[in-house]
Amino acid sequence: MSYLKPCSRHPELKWAQRKDKVFITVLLPDAKDAKVNLEPDGIFTFSAKAGAENHPYELKLELFDKVNVEESKINIGVRNIFCILEKAEKEWWKKLLRGDGKPPHYVKVDWDKWVDEDEDTGGGMGDLDLGGMDFSKFGGMGMGMGDDMPEMPDDFEDSDDEEVTKPGESSAGEAEGAGKKEDEAGKKEGSH
């Protein structure tokens, strides 16, 4: 008989789907040692530690159908772990998990990403905003969708600095300031 270790907790999980993919978001802020595994037969496992006492969190889900591990992607962020799972068969699932009965209380629908089957235009991600997330592939260490997405600047903390210059140009602030000084000098000369 398999069971989870004592004191193991379940993080909240949200899901949504399109005809060809399933979106899974594990909501666990400040997760440490996050490990996610996906098997072709649809077994999704997650483990991490979080909180001041490093409580262990674990999940093992038997997804409704098979998935394409090689094409599935993951982003481990500060607030959550976001997975885009490619379905092996491009068809709508009746639910996220195999078996009868209600899903566990920690599995919820992600209404922010949800699209009804008749509204799915087959355009991939649709209008889903991924906010510049950088994705890794489950099946390898190569980068996924993040390659085409804008990256966060290295100095993100200093975001009030809006002056961006190209090599060989003076910054907008310097040029504007120089122009103001010339205008002020011209006004003074003209007023004498």
Side-chain angles (χ1 to χ4, degrees), residues 8-39 42-51 55 57-139 143-153 156-157 159:
S8 182
R9 301 168 182 213
H10 300 293
E12 186 177 346
L13 179 141
K14 290 184 173 185
W15 80 285
Q17 70 173 317
R18 300 295 183 274
K19 186 175 183 178
D20 59 342
K21 27 179 96 47
V22 174
F23 305 117
I24 292 182
T25 307
V26 179
L27 302 169
L28 191 61
D30 302 318
K32 299 175 200 78
D33 304 324
K35 293 178 181 65
V36 182
N37 190 45
L38 181 65
E39 296 173 23
I43 304 296
F44 176 90
T45 53
F46 168 83
S47 67
K49 293 181 176 141
H55 289 292
Y57 286 80
E58 293 183 341
L59 280 176
K60 181 175 181 180
L61 304 174
E62 293 184 24
L63 302 176
F64 184 76
D65 207 347
K66 293 181 172 72
V67 292
N68 182 338
V69 176
E70 294 296 319
E71 293 302 315
S72 297
K73 300 173 181 74
I74 183 170
N75 171 270
I76 299 176
V78 176
R79 291 184 180 80
N80 59 44
I81 292 87
F82 181 58
C83 306
I84 302 173
L85 311 183
E86 289 289 329
K87 295 177 182 177
E89 303 290 326
K90 298 192 182 329
E91 57 190 33
W92 279 79
W93 292 359
K94 290 183 271 204
K95 53 188 179 174
L96 178 64
L97 304 176
R98 277 179 226 164
D100 298 325
K102 293 174 65 171
H105 67 90
Y106 50 84
V107 174
K108 299 180 166 87
V109 170
D110 191 340
W111 295 114
D112 293 336
K113 295 180 180 72
W114 191 265
V115 171
D116 287 329
E117 187 173 355
D118 58 352
E119 295 173 357
D120 187 2
T121 59
M125 304 300 281
D127 58 356
L128 190 62
D129 178 16
L130 299 176
M133 286 184 191
D134 205 8
F135 286 86
S136 300
K137 289 195 174 195
F138 271 97
M143 297 310 290
M145 292 174 46
D147 293 342
D148 301 324
M149 301 180 111
E151 292 183 19
M152 294 299 235
F156 184 65
E157 295 298 319
S159 61

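These numbers come from a predicted model, not from an experiment.
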Nearest 0.5 Å please: distance from the CG atom of N80 over to the CD atom of E12.
11.0 Å

Strictly distance-based, threshold 3.5 Å: is any side-chain N or O of R79 a donor or acceptor partner for the main-chain N or O of P29?
no

Which value, rounded to the nearest 0.5 Å, describes the distance between K113 atom NZ and F23 atom CZ?
8.0 Å

Can you tell me if K108 has over 12 outside heavy atoms packed within less than 6.0 Å of its NZ?
yes

Taking every heavy atom of P11 against every heavy atom of L27, the minimum-distance pair comes out as CB-O, 4.0 Å

Please check this pair: side chain of Q17 against backbone of W93, looking for a donor-acceptor N/O pair closer than 3.5 Å.
yes

Here's a test for you: under salt bridge (Lys or Arg N to Asp or Glu O under 4.0 Å), which of E91, E86, E89, E71 qualifies with K21?
E86

With heavy-atom distances below 4.5 Å as the criterion, would you say the side chains of T45 and K60 are in contact?
yes

So, does H10 use its side chain to make a donor-acceptor pair with the main chain of E58 at under 3.5 Å?
yes

Here the pair of heavy atoms bringing A16 nearest to D110 is CB-O, 3.9 Å

R98 and F64 have their tightest heavy-atom pair at CG-O, 3.7 Å

Check for me whether K14 meets the cation-pi criterion with W114, that is, NZ or CZ under 6.0 Å from the six-membered ring centre and within 45 degrees of the ring axis.
no

Expected output: side-chain K95 to main-chain K102 donor-acceptor under 3.5 Å
no

Nearest 0.5 Å, please: how far is CD1 in I84 from OG1 in T25?
9.0 Å

Would you say L63 and V22 make side-chain contact, with heavy atoms under 4.5 Å?
no

Are L97 and P104 side-chain neighbours, meaning at least one heavy-atom pair lies under 4.5 Å?
yes

Exactly one of V67, I24, I43 clears side chain to side chain contact (heavy atoms under 4.5 Å, CB included) with L38, and that residue is V67

Rounded distance [0.5 Å steps], CG in L85 versus CZ in F44:
6.5 Å

Taking the side chain as everything from C-beta on, heavy atoms only, tell me whether L13 gets closer than 4.5 Å to L96.
yes

Between F46 and L28, is any pair of side-chain heavy atoms under 4.5 Å apart?
yes

Heavy-atom closest pair (A31 atom, A50 atom, distance to 0.1 Å) is CA-CB, 4.4 Å

For D100, does the CG atom sit with more than 12 other heavy atoms under 6.0 Å from it, leaving out its own atoms?
no

Is there a side-chain contact between N37 and E39 (heavy atoms, below 4.5 Å)?
yes

How long is the gap from NZ on K32 to NE2 on H55, to the nearest 0.5 Å?
10.5 Å

